[in-house]
Amino acid sequence: MTGPGHQSKTVIVGASLAGLRCAASLRREGYEGEIVLLGNERHSPYQRPPLSKAVLTGRAPIERATLRSQVAPPFELRLGVEATALAAEDQVLTLDDRSSISYDHLVLTCGARPRHLAALPPSETVLYFRTLDDAVRLRTRVQESIGRLLVVGAGFIGSEVASSAREQNWQVTLVDLDARIMSRVLGEGASSIVEQRHRENGVDLRLSCSISEAEIDRDGENSRVSLSDGSTLDVDMIVVGIGVEANTEWLANSSLTLDNGVIVDANGRAEGVNNIYAAGDVASWFHPAYGRHLRFEHFESATNQAQKVAATIAGTDLSPLDELPFAWSDQHGSVIQFLGLSDPSYLERSLEFSDESPHGQSFGYYDDHGRCRAAVLIDQSAHLGEVKTTITQSLRSL
Amino acid sequence: MKIEVDFDRCQSNALCMQSAPSVFEVRDDGFLYILQDAPGEELRQSVEEAVANCPTQAISIQD
């Protein structure tokens with residue numbers, strides 16, 4: 001495909017953090033071909049972390065979410081268009097306006113979408129929080145009046161939305177099926193501290209609890225929800241954050257291997273295809289340190305993976321991505337940072353630092369060989385560097 | 001010493017502000033402001049600390 005007069009063309013599906021990052025990194029890596037970035041929303045590429053935090057509380061303007069990277073020409077950003085089919089053998093994508101677009105390299109950064117609860121279809125009252133439009137809608141609602149919010153799912157999104165709504169003096173009930181808050185990433189000790197923060201700040205936290213019945217007033221105001229603990233709540237608004245699913249349905253008839261995302265190697269290359277790549281929430285990425293494919297849904301990973309794909313396409317760096325998973329959350333003024341990949345079988349131990357920080361507490365998670373494999377720092381971000389070094393060293397010794 | 005900040009990586013965690021308050025400032029609008037992008041050598045140590053402490057690796061020193 002690189003005959004005389006043919007300029008290489010990279011098409012990126014998903015004008016997301018990963019998508020824009022990949023485009024900008026391609027240029028930084030010296031790629032001179034044409035880059036086309038396709039987005040199905042009408043907004044310029046933005047990032048999600050501020051949406052449930054500073055944008056929702058109103059502490060930061062909506063523009064805080066907009067990404068600033070510029071991509072040198074030849075570059076085209078096409079918004080409001082969605083890819084509907086991929087013919088990998090012909091190197092052509094079909095779009096929802098019935099046009100098609102050919103490529104030499106294809107990067108999939110088409111992300112994920114919220115998982116839905118059958119009992120709670122989306123409506124004016126029920127919001128599956130994900131996009132900038134969702135954040136603007138909830139922010140407007142929360143700022144124009146004080147009301148009662150039910151948050152379903154105490155993961156990253158749910159816990160942050162609960163915190164942000166409390167900051168705006170809304171009455172907030174946070175419900176989760178599990179017995180602990182953020183149980184996928186926190187051990188018992190860390191969970192209990194975060195739970196305490198929520199309770200101290202007036203969140204009505206209902207754990208080991210689910211929704212047994214919901215009568216939704218689609219226009220708001222008069223919705224009533226029965227919980228499995230026997231109680232009934234009258235609510236004005238419901239936000240659901242129970243996880244996401246990778247956007248891969250449109251790829252079902254392509255030759256790509258799909259399994260909880262697009263299966264890619266440690267350089268972001270799709271299995272069995274040499275010119276298709278994936279990064280970010282849609283990518284099930286092979287991590288040599290863990291010996292398996294993992295789909296991370298965090299800012300840092302999306303950024304790192306997108307840069308790695310760009311280097312792979314440009315041919316400037318073919319070493320596998322070596323990253324220590326990192327994520328963070330802001331809740332009730334606390335900064336919670338997550339390092340490494342936790343596992344329920346690990347032993348949780350409190351981390352002690354030489355210079356005692358007066359606030360906060362941190363925990364390490366140890367495998368059965370006594371190696372620190374993951375950690376959670378609550379209001380102790382000054383120690384992030386040393387904890388990172390410890391975990392990196394124990395991963396190298398595997 | 002020339003400082004470069006990758007604003008799309010920056011998440012306003014404000015750790016840089018603790019290390020080098022005369023160089024970095026995260027304001028109430030949630031954005032990081034660079035107060036001087038070419039600070040003197042006397043600030044190198046604190047800027048290097050800011051680079052090392054940044055959780056999202058958003059800061060680099062160009063020379």
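Below, chain A is the first sequence line, B the second, and so on; all start at residue 1. Because the structure is a prediction, the values reported are computed rather than measured.
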Region of A:Leu20 in contact with chain B, defined by heavy-atom distances below 4.5 Å: side chain
Can you pull every donor-acceptor pair closer than 3.5 Å across chain B and chain A?
unit_1	atom_1	unit_2	atom_2	d
B:Asp6	OD1	A:Arg21	NH1	3.1
B:Asp6	OD2	A:Arg21	NH1	3.1
B:Asp6	OD2	A:Arg21	NH2	2.3
B:Asp8	OD1	A:Arg68	N	2.6
B:Asp8	OD2	A:Arg68	N	3.1
B:Asp8	OD2	A:Ser69	N	2.7
B:Asp8	OD2	A:Ser69	OG	2.6
B:Arg9	NH2	A:Glu300	OE2	3.1
B:Arg9	NH2	A:Asn304	OD1	2.8
B:Cys10	O	A:Arg64	NH2	3.4
B:Gln11	NE2	A:Gln47	OE1	2.5
B:Ser12	OG	A:Arg64	NH2	2.8
B:Gly30	O	A:Arg64	NE	2.6
B:Gln57	NE2	A:Glu300	OE2	3.1

Set of side chain to side chain contact (heavy atoms under 4.5 Å, CB included) partners for B:Glu42, sequence neighbours left out: none
Contact origin within A:Leu67 toward chain B - heavy atom pairs under 4.5 Å: both
